[in-house]
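Reading through the C-alpha cells given below for one structure.
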Amino acid sequence: MKLLPELHANLVKKAIESAQAAGDLPQFEIPDIPITPAKREGQGDYACPVAMALAKVAAKKPRDIAEMIVKHLPKADFVSHVEFAGPGFINFTLSQKWLKQQIEAIIVEGEDYFSLDIGAGHKAQVEFVSANPSGPITIGRSRGGIIGDTMARLLEAAGFDVQREYYFNNAGMQMVMLGKSLKARYLQALGQDEPLPEGGYQGEYLIDFANELADEQGDALVNADWKPFKEFAEAKMFEWIRDSLAQIGITHDNFFNEDSMFQDGSIWAVLEELDERGYAYKATEWAGASDEEKAKAADREPAVWFRTTAFGDEKDRVMVKSDGIPTYTLPDIAYHKNKIERGFDIMVNVLGADHGQQYKVVQMGIEALGMDPSGIHVIINQMVKAVRQNPETGELEEIKMSTRRGVYDTLDELVEMTSPDAIRYHMLARSPSSHLNFNVEEVVKQSNDNPVYYIQNAHVRCCGIAREAEARGLSDEGADISLLSDEELAFIRKALEMGEVIETAVNQYEPHKIAFYAQELASTFHPIYDNVRALGEGIPEDVTRARLRFYHAARIIFKRVLDLMGMSAPERM
RNA sequence: GCCCCCGUAGCUCAGUGGAUAGAGCGCUGGCCUCCGGAGCCAGAAGCACAGGUUCGAGUCCUGUCGGGGGUACCA
C-alpha cells in the first residue's frame, strides 16, 4: 500500500516549489514536510504544520504561507478538499470516492494490501530471547521474545527478508554448574545423600530431569563427571524452551552457538585484528587504573584488555581473563562481526535492561575493527515485574520472581493461567523502555473485559455477519460501494493508517505501536457494528450487499492486524 | 559516585516539537425482543518539581526529588 503521509508530503513539496516559481513564496530550502493524522473532527484527515516552521525562512505569517501552499497544491485523486486553519495548519480531507475504491482493493489484494515495499530487496535479522539453556523461560524473557517476534513480523510486513535468530552459549561456567547440579539431583534420585553444589541450580525441574535420567540409565552414571549431565540437561532444556516459546507463537529460524566461534577460530581472529589495530593490550590492570585498582590487581596474572576508552568508555574492558578464557565481550564482538558479514542491512538486537549496557562495548568493538555498526539496532526492554493485588490492602505488590520455585515465574505457568493471545497483547502493549508491571490477575480474572478480546471480537463479528449472510443465501458480489455512509468510511480511513503505523514501528524499532493501533481500530469498528446493520428487515438488498462488502473488508483488516501481533483471529468466541 | 530507563487520571499505560493531552481497567448513570452484550452512549478524574531553549514543550536541555537496572578478570 501507499503511505498517505508520504503522498501528502509530496503534494506540499510540489506546491511550495510551484509557489516559489510563481513568486508567491520567496526562495528557501524546502525542509522535511511533516504530515500527521488529524486529531479531531473538523480538521480533515491529515494535517501539515509546515507553514509554521517556515515562518522564519519565508519571512511571512504562517497563515499566509499556508494559503499560498494551498493555492498551488496540485490535484490528487485521494484528496477531495484542502483548507488552511488555526495558526497555520493545512488540513487535507480524503476523497470519499477514493476511500470507497480502497474497499475493493483490500478485498482483491487481501492481507497483502497492507504490505509495504520499504524493505524490498533488503535483509533484516532480529535476534531475541537468546537465553542460555540453563532454566525455563521466565515471564521476563518472554517480553523480549514477544517484542522481537513482533518486530520481525513488522519488518516482514514492511517488505524485508527477515531471519529470526537465537544466540546462546552452552560452554560457560553456568552450564558446568547446571551439569553438576543435575548430577547431585541424579545421585539423590538414586537415594544418595548428595548436596547441591554451592551456587548450584535449585530449580525443581532438575529433580524431574534427574528422575528421568535415573529411569533411563539406572546407576550407570554414578561415576561420570558433570559432562553427560550437562549435555542431558541442555538437550532437555532446549526442548522445553522451544516448546514454551512455540506456545505463544514464537519460533526461530536459526540457533547460533557461541561455541562455534571458538571452534572455527573466529574469536581469536577478532582478537588478533584488534591487537593489530592497537586496541588490545596485555596487563594486570587497565591503562588508566587508579592506585587503588592497581593494588587490588597486584597479585593477578595479566589479562588482555580492550581499549574502549579510545571510544569514550570510562575504563577499558577485559576481553581475555588471566586464565586465558575470554569474557563475554570478545565473543559478542565476534558474533556481531559475523552478523554483519552475513549481509544483513538491518540487525535488531532485543536485550533486557540487565544486559543493556553491553551493546555499547559491542559497538565500540565493531568500530575498532573498522566496520560500520550503523546497521545494528538495539531494543532494550526494561524489566518485568509480576504483580498482583494484595487482598487486604488493595495495593499492587510484587510477586517475587524466582527460578527456584516462584509461583508465577515461568511462561508456561502464565500460559496455563491465561492464554497466548492475552500474554502477547499485554506484553506488547507497552513501550519497551517502560518498566512493565504485569498484573497477572488482571490478565486472568478480567479477561472477559480486556482489550485482547475486544480486538478479536471485531473479527468475530465480521465472521458472524458473513456466516449469517451465507445462511441466508446473500452475497456481496457486485456490491455498489457508493451506498456506504461516512461512518463506514471513517473506519476505512482508520484502517489505511496501518501502513503508517507499520512504517513508524519499523523505523523507530517500536513494535508496541501496533498494539495501540489495533485497539483504536477496534474502537472505531464496534460503534459501526452497532449502528450499521447489514442484515435485517427493512434494509434494501443493495444496501445489504454494500454493507456485506464493507464487513468483508473489515474482516481482512482485523485478520491482518492480529497477524502482525502474532495473535489468533478467531471466527467465534 | 558514574551510566541507562522510568515518573502523565484511583490503577495499568499511550502520546513522530504542533490545534482542546488519549485509551483500557475501576467508578457513576443510561441503552438489549439486534448479524453472538466479550457490545454501545454519557460522566468525574492527570503531565513529580524548578529553571532554560522555541513562534509553540508531556515531548528537547540543565538541576532537584522519587522508583528500577547496570557499574566484575559473571553472561
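All chains are named by letter (A, B, ...) in the order of the sequence lines, taking the proteins before the strands, and each is independently numbered beginning at 1. Treat the numbers as computed from the prediction; the structure is a model and nothing was measured.
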Original post:
With Watson-Crick and G-U wobble geometry limited to distances under 3.5 Å, how should the secondary structure of RNA chain B be encoded in dot-bracket form, using | for bases paired to another strand and [ ] for crossing pairs?
Top reply: (((((((..((((....[...)))).(((((.......)))))....(((((..]....))))))))))))....

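Across B:C35, B:G15, B:A19, the shortest atom-to-atom separation from the side chain of A:Asn91 is found for B:A19. In the set B:A14, B:U12, B:A19, B:A14 carries the atom at the smallest distance from any side-chain atom of A:Phe516. Closest to the A:Asp530 side chain, of the nucleotides B:A14, B:C40, B:A38, is B:C40.
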Filtered N/O pairs between nucleotides 53-57 of chain B and protein, under 3.5 Å:
unit_1: B:C55; atom_1: OP1; unit_2: A:Lys56; atom_2: NZ; d: 2.5

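Using a 4.0 Å heavy-atom criterion, one finds that A:Gln358 contacts no nucleic acid atom at all. Within the nucleic acid shown, A:Val532 comes within 4.0 Å of at least one base atom, counting heavy atoms only. Nucleic acid contact for A:Ala466: none, since no nucleic acid atom lies under 4.0 Å from a heavy atom of the residue. Within 4.0 Å of A:Leu436, counting heavy atoms only, lie sugar-phosphate atoms of the nucleic acid but no base atom. No contact: A:Gly356 has no heavy atom under 4.0 Å from any strand.
One finds a side-chain N or O of A:His512 lying less than 4.0 angstrom from the OP1 or OP2 phosphate oxygen of B:G15. Of the side-chain N and O atoms in A:Arg547, none sit less than 4.0 angstrom from OP1 or OP2 of B:C35. Between A:Tyr454 and B:C40, a side-chain N or O to OP1/OP2 separation shorter than 4.0 Å is present.
Evaluation of A:Phe89 against the base of B:A19 yields a stacking contact (centre distance < 5.5 Å, interplanar angle < 30°).
Remark: the A:His8 side chain and the A:Tyr46 side chain contain no N/O donor-acceptor pair separated by less than 3.5 Å. Judged by distance alone, the side chains of A:Arg430 and A:His435 never bring a donor and an acceptor atom under 3.5 Å apart. For A:Tyr425 and A:Gln456, the side-chain atoms include no donor-acceptor pair closer than 3.5 Å. Using modelled atom types, one finds a donor on one side chain and an acceptor on the other under 3.5 Å when comparing A:Asp316 with A:Tyr281.
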Subject >> Nucleotide-resolved protein contact map, nucleotides 67-74 of chain B, B/S/- at heavy-atom distance under 4.0 Å >> reply: BBBS--BS

